[in-house]
K.L.:
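Sharing a structure below in C-alpha cells format, with a few things to ask.
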Amino acid sequence: MTYRKMIEKLHAGRILLLDGGTGTELEKRGVPMDPGAWCGIAALDNADILEKIHTDYLDAGADIITTNTYSSSRLMLALSGHAENFLEINKKTIGAAQKAREYSSKKDILIAGSLSHRGALIEGTALPHAQNRKSFGQMENALTELGSVLREEGCDFILLEMMYDPDKMKVAFSAAEKTGLPVWAGFSARQKKYGEPLSFLPSPDIPLRELLEILSQFDVDAAGFMHTQSDAIQPSLQILKENFTAPLFAYPDSGYFKSPNWQFEDIISTHALKQFAKKWIEIGATVIGGCCGLTPEHIRALSTLKLTD
C-alpha cells in the first residue's frame, strides 16, 4: 500500500490501525529506560527486542508502525551522553521497523517516522525540566536533522507526537515540513472536571482550541490525539472536527509517567478500549491505535473493529 492509497482509503471512511506503545513495551520486556533520553537509546543494544515489538504489532493487525524516534534527537541523546551515537542509534531504530515490515507476512504496511518536541523531564514526574528550554534554534536544528534521517531511511510520513507546547510545537511542525514527507499531527490533551479540553501542558491552562490553530499554518494530511486519556479523546475530536476536514486519528495512553519509568497502573482493558474506539469512529476517526501503556493485545482487540468498517 502506497501512502497515497492509504490516504484515499481514509477519506473513503476505511478504518486503519496504528500500533501501540513502543517505549513502554520496551520497558515491559526488560529494556532499561534512561533518565535522559528515556527509550531513545534502546536500539543501541536492544534492536532485536525493538524489531520483535514492531513484528508483534503487525501480527496483531496494525497497518502502520511507528519508529521509536520520539526521544532520539541529538539534543535528547545528549542528555544520556549519546549525542555522538546519533546516526548509529537512529539507523538501528528505523532499521528495526524496516526489518519488521520486510519479514512480515502482512502486506501494505506503512512506517511513520516519529518526531516530537520532547525535552528533559524532572525525574520522578512527567513535568518539563528547566533545562528543557533550549533555544528554538537548537531545537529546530536537532529536529530537522532527525527528520532528514527519517526521510533518508525510508519512512513513509512524519508523525508529530505529543504536540502540546504552543511555542515548541511550531519548531516541530517546521522541521517536519522541511522533510518534504507528508505530515500527521498528534496533539496531547487533558480534560478538567468541567469545561472543554485543554493542552496537556499543566501550566498555564491553554484551551485546546487555541492549540489547534496551528493547523491553519501548515499542510497536514491528518490530525488527532495521542498520549491522552481515553475519556478525553472524544470531546477533543469533536473540537478538532469543527474546522479540520482531513482524516482524524486517536491513540490513547493508559497509566502514567514518573520519569524515566511508566507506571502500569489501572491499564484500560481491551473491552473498554474497544467501546471508546467505537465512539471515536462514530465521530469520524479512521485511524485507531494505542500509546504508552497499551500493548499488542490492545491492538489485536481493536482489529476486530475493522470487520465492520
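The figures that follow rest on heavy atoms only: side chains count, while hydrogens, waters and symmetry mates do not.
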K.L.:
Could you check whether any side-chain heavy atom of P166 comes within less than 4.5 Å of a side-chain heavy atom of I206, counting everything from C-beta outward?
P.N.:
yes
K.L.:
Can you list the steps and then say if M169 with F187 is a side-chain contact (heavy atoms from CB on, under 4.5 Å)?
P.N.:
CA-CA 10 Å; M169 71 182 190; F187 298 91; 4.1 Å; yes
K.L.:
Run the salt bridge (Lys or Arg N to Asp or Glu O under 4.0 Å) check on K92 and D45 step by step: do they pass?
P.N.:
CA-CA 9 Å; K92 284 185 174 180; D45 298 314; over 6 Å; no
K.L.:
Hydrophobic clustering (ILVMFWY, side-chain heavy atoms < 4.5 Å, transitive) - are L87 and I41 grouped together?
P.N.:
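In one cluster: yes.
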K.L.:
Can you confirm whether K91 is buried at NZ, in the sense that more than 12 heavy atoms of other residues, nucleotides or ligands lie under 6.0 Å from that atom?
P.N.:
no
K.L.:
Just wondering, do L159 and L115 contact through their side chains at under 4.5 Å, heavy atoms?
P.N.:
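They are not in contact (no side-chain heavy atoms under 4.5 Å apart), so the answer is no.
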K.L.:
Ignoring hydrogens and angles, tell me if any N or O in the side chain of S199 forms a donor-acceptor pair with the backbone of Y164 under 3.5 Å.
P.N.:
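Yes, S199 side chain to Y164 backbone: donor-acceptor pair under 3.5 Å.
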K.L.:
Quick one about D253 and Q229 (side-chain donor to acceptor, distance below 3.5 Å, no hydrogens or angles considered), yes or no?
P.N.:
yes
K.L.:
Side chain of H298, backbone of T295: donor and acceptor closer than 3.5 Å?
P.N.:
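Side chain of H298 to backbone of T295: a pair is present.
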K.L.:
Would you say that more than 12 heavy atoms from the other residues, nucleotides or ligands in this model lie under 6.0 Å from the OH of Y103, or not?
P.N.:
no
K.L.:
Between R101 and I109, is there a donor-acceptor pair closer than 3.5 Å when you use the side chain of the first and the backbone of the second?
P.N.:
yes
K.L.:
Counting N and O atoms only, with roles assigned by atom type, does the side chain of E88 sit under 3.5 Å from a partner on the main chain of F86, one being a donor and the other an acceptor?
P.N.:
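Absent.
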K.L.:
Looking only at heavy atoms, which two atoms of A43 and L50 are closest? And how far apart?
P.N.:
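Here A43 and L50 meet closest at CB-CD2, 4.2 Å.
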K.L.:
Is there a path from M226 to L201 through hydrophobic residues (I, L, V, M, F, W, Y) whose side chains come within less than 4.5 Å of each other?
P.N.:
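Yes; L201 is reachable from M226 via cluster members.
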K.L.:
Taking S254 for its side chain and I268 for its backbone only, find out whether a donor-acceptor pair lies under 3.5 Å.
P.N.:
yes
K.L.:
Does E8 pair with R4 as a salt bridge, N-O distance under 4.0 Å?
P.N.:
no
K.L.:
Does a donor on one side chain and an acceptor on the other come within less than 3.5 Å for D221 and Y3?
P.N.:
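Note: D221 and Y3 side chains meet the donor-acceptor criterion.
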K.L.:
Hey, are the side chains of S148 and T179 touching, using non-hydrogen atoms and a 4.5 Å cut-off?
P.N.:
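When only atoms from C-beta onward are counted, T179 and S148 do not touch, as no gap falls below 4.5 Å.
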K.L.:
Within the structure provided, determine whether D165 and H117 are in side-chain contact (heavy-atom separation under 4.5 Å).
P.N.:
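The answer is yes; the side chains approach within 4.5 Å.
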K.L.:
As an exercise, state the distance from OG1 of T22 to CD of E27, rounded to the nearest 0.5 Å.
P.N.:
13.0 Å
K.L.:
Nearest heavy-atom pair of A100 and L58: which atoms, and what distance?
P.N.:
O-CD1, 3.6 Å
K.L.:
Does NZ in K106 sit with more than 12 non-hydrogen atoms of other residues, nucleotides or ligands closer than 6.0 Å?
P.N.:
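It does: K106 NZ has more than 12 such atoms within range.
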K.L.:
Checking side-chain polar atoms at under 3.5 Å, does D34 have a donor or acceptor matched by the opposite partner on S80?
P.N.:
yes
K.L.:
Please report the interatomic distance OG(S73) to CD(Q138), rounded to the nearest 0.5 Å.
P.N.:
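One finds 11.0 Å between OG of S73 and CD of Q138.
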K.L.:
Quick one: closest heavy-atom pair of G40 and I89, and the distance?
P.N.:
O-CG2, 3.3 Å
K.L.:
Rounded at 0.5 Å granularity, tell me how far CZ in R300 sits from CG in D59.
P.N.:
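These two atoms lie 7.0 Å from each other.
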K.L.:
Salt-bridge test for K52 and D48: reply yes if a basic N is under 4.0 Å from a carboxylate O, no otherwise.
P.N.:
no
K.L.:
With side chains defined as the heavy atoms from C-beta onward, is the minimum distance between E25 and P296 less than 4.5 Å?
P.N.:
yes
K.L.:
State the CD1-CZ distance between I15 and F249, to the nearest 0.5 angstrom.
P.N.:
14.0 Å
K.L.:
Using the rule that Ile, Leu, Val, Met, Phe, Trp and Tyr join whenever any side-chain heavy atoms are under 4.5 Å apart, tell me whether L240 and L198 fall into a single cluster.
P.N.:
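They do not share one cluster, since no chain of ILVMFWY contacts under 4.5 Å joins L240 to L198.
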K.L.:
In this structure, are over 12 heavy atoms from other groups packed under 6.0 Å from K178 atom NZ?
P.N.:
yes
K.L.:
Do the rings of F257 and W38 sit parallel, tilted or perpendicular, given the 30° and 60° boundaries?
P.N.:
perpendicular
K.L.:
Are any side-chain N or O atoms of T69 and backbone N or O atoms of S72, one a donor and one an acceptor, separated by less than 3.5 Å?
P.N.:
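Side chain of T69 to backbone of S72, a donor-acceptor pair under 3.5 Å: no, none is there.
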K.L.:
State, yes or no, whether a side-chain contact exists between T66 and L18 at a heavy-atom distance under 4.5 Å.
P.N.:
yes
K.L.:
Using distance alone, with no hydrogens and no angle criterion, decide if S174 and E140 have a side-chain donor and acceptor under 3.5 Å apart.
P.N.:
yes
K.L.:
Applying side-chain contact (heavy atoms from CB on, under 4.5 Å), run through T67 and C155 and close with a yes or a no.
P.N.:
CA-CA 8 Å; T67 60; C155 293; 3.8 Å; yes
K.L.:
Nearest 0.5 angstrom please: N68 CG to N90 CG, how far?
P.N.:
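Going from the CG atom of N68 to the CG atom of N90 covers 9.5 Å.
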K.L.:
Among I239, L215, L237, find the one that has a side-chain contact (heavy atoms from CB on, under 4.5 Å) with F244.
P.N.:
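Only one of I239, L215, L237 forms a side-chain contact (heavy atoms from CB on, under 4.5 Å) with F244, namely L215.
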K.L.:
Taking a hydrophobic cluster as the set of Ile, Leu, Val, Met, Phe, Trp and Tyr residues connected by side-chain heavy atoms closer than 4.5 Å, whether directly or through intermediates, do Y256 and F200 fall within one such cluster?
P.N.:
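As far as the 4.5 Å side-chain criterion goes, F200 and Y256 are not connected within one cluster.
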K.L.:
Measuring from atom NZ of K274 to atom OG1 of T304, what distance do you get when rounded to the nearest 0.5 angstrom?
P.N.:
3.0 Å
K.L.:
Which heavy-atom pair separates V220 from A246 by the least distance, and what is that distance?
P.N.:
O-CB, 4.4 Å
K.L.:
For the residue pair G36 and L79, what are the closest heavy atoms and their distance?
P.N.:
CA-CB, 3.8 Å
K.L.:
Is any side-chain heavy atom of L248 less than 4.5 Å from a side-chain heavy atom of F225?
P.N.:
no
K.L.:
Does E213 form a salt bridge (Lys or Arg N to Asp or Glu O under 4.0 Å) with R209? I'd like the steps, not just the answer.
P.N.:
CA-CA 7 Å; E213 290 175 0; R209 291 179 186 275; over 6 Å; no
K.L.:
Taking only Lys NZ, Arg NE, NH1 and NH2, and the carboxylate oxygens of Asp or Glu, determine whether K9 and D63 approach each other closer than 4.0 Å.
P.N.:
no
K.L.:
With a 6.0 Å cut-off on ring centres, are H227 and Y251 close enough?
P.N.:
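No, the ring centres sit 6.0 Å or more apart.
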K.L.:
S114 and E161: side-chain donor and acceptor closer than 3.5 Å?
P.N.:
yes
K.L.:
Do the side chain of W262 and the main chain of K28 share a donor and acceptor less than 3.5 angstrom apart?
P.N.:
no
K.L.:
Testing the 3.5 Å rule here: is there a donor-acceptor pair between the side chains of Q191 and D231?
P.N.:
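There is no such pair (donor and acceptor under 3.5 Å, judged by atom type) between the side chains of Q191 and D231.
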K.L.:
Can you list everything that forms a ring-ring contact (aromatic ring centres under 6.0 Å, His included) with W280? Sequence neighbours excluded, please.
P.N.:
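Checked W280 against ring-ring contact (aromatic ring centres under 6.0 Å, His included); zero matches.
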K.L.:
Walk me through it: do M6 and I64 pass the test side-chain contact (heavy atoms from CB on, under 4.5 Å)?
P.N.:
CA-CA 10 Å; M6 178 189 70; I64 304 165; 3.8 Å; yes
K.L.:
Can you see which heavy atom on A175 is nearest to which on L143, and at what distance?
P.N.:
CB-CB, 3.6 Å
K.L.:
Would you say I53 and L26 make side-chain contact, with heavy atoms under 4.5 Å?
P.N.:
yes
K.L.:
Given 3.5 Å as the limit, does a donor-acceptor pair link the side chain of S71 with the main chain of A37, or not?
P.N.:
yes
K.L.:
Would L273 and L294 satisfy side-chain contact (heavy atoms from CB on, under 4.5 Å), going step by step from the backbone distance to the final call?
P.N.:
CA-CA 10 Å; L273 179 64; L294 274 71; 3.5 Å; yes
K.L.:
Can we say R190 and D205 salt-bridge, meaning some charged N sits less than 4.0 Å from an Asp/Glu carboxylate O?
P.N.:
yes
